[in-house]
Amino acid sequence: MSGRAGKKTYEGKSITVTFEAGRCLHAAECVRGLPEVFDPGERPWIRPDGAEAERLAEVIRRCPSGALQYALEE
């Protein structure tokens, strides 16, 4: 991965989260919504298995920039 605008994927057991840094507005909806999943001080900073997939999807839908996206595993 190179550059700040790249898209990175974080795979969990029930959900896959993608993050596009170049779109992020740093509104911190994700961090406030699920700090156990989104922790910018850690690496990886997104841990999809830190919460139930449906709850994580709910928080991701609140992302104002669309920098966060998700796909539920079937």
Side-chain angles (χ1 to χ4, degrees):
M1 163 95 33
S2 64
R4 197 166 141 62
K7 188 181 281 191
K8 188 154 183 176
T9 301
Y10 301 85
E11 293 184 26
K13 293 176 187 155
S14 303
I15 190 168
T16 297
V17 178
T18 58
F19 174 67
E20 193 172 346
R23 293 183 68 178
C24 185
L25 298 174
H26 304 286
E29 285 293 326
C30 56
V31 176
R32 282 193 300 274
L34 279 174
E36 61 270 32
V37 173
F38 300 99
D39 185 348
E42 294 292 323
R43 293 295 174 260
W45 81 279
I46 299 174
R47 292 177 303 279
D49 291 331
E52 291 184 20
E54 289 298 329
R55 175 75 178 116
L56 179 50
E58 178 186 314
V59 169
I60 289 171
R61 286 192 295 269
R62 294 195 316 237
C63 178
S65 67
L68 288 167
Q69 299 289 316
Y70 69 91
L72 294 170
E73 303 301 320
E74 301 202 18

side-chain hydrogen bond (donor to acceptor under 3.5 Å, both in side chains) partners for Q69, two or more places apart:
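By the side-chain hydrogen bond (donor to acceptor under 3.5 Å, both in side chains) rule, Q69 matches no residue at all.
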Quick one: side-chain hydrogen bond (donor to acceptor under 3.5 Å, both in side chains) partners of E73, sequence neighbours excluded?
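Per chain and number, E73 pairs via side-chain hydrogen bond (donor to acceptor under 3.5 Å, both in side chains) with T16.
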Side chain to side chain contact (heavy atoms under 4.5 Å, CB included) against A28, all qualifying residues, sequence neighbours excluded
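Counting only residues at least two positions away or on another chain, A28 forms a side chain to side chain contact (heavy atoms under 4.5 Å, CB included) with V31, R32.
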Excluding sequence neighbours, so at least two apart, what forms salt bridge (charged side-chain N to carboxylate O under 4.0 Å, His left out) with R55?
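In terms of salt bridge (charged side-chain N to carboxylate O under 4.0 Å, His left out), with neighbours along the sequence ignored, R55 is linked to E58.
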Considering residues at least two apart in sequence or located in another chain, which fulfil the ring-ring contact (aromatic ring centres under 6.0 Å, His included) criterion with Y70?
none
Shortest non-hydrogen contact from [X] to [Y]?
X	Y	result
S65	L25	CB-CG, 3.6 Å
A27	P64	CB-CG, 3.7 Å
V59	C30	CG1-CA, 3.8 Å
D49	S14	OD1-N, 4.4 Å

What distance separates E54 CD from I15 CD1, expressed to the nearest 0.5 Å?
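These two atoms lie 7.5 Å from each other.
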How long is the straight-line distance from CD1 of I46 back to CG of L68, given to the nearest 0.5 Å?
5.5 Å
Below 3.5 Å, can you tabulate the donor-acceptor pairs from side chains in residues 33-44 to any protein atom, sequence neighbours excluded?
from : atom 1 : to  : atom 2 : distance (Å)
D39  : OD1    : G41 : N      : 3.0
R43  : NH1    : P40 : O      : 3.1

With side chain to side chain contact (heavy atoms under 4.5 Å, CB included) as the criterion, how do T18 and E20 come out once you've worked through the C-alpha distance, each side chain's angles and the decisive distance to 0.1 Å?
CA-CA 7 Å; T18 58; E20 193 172 346; over 6 Å; no
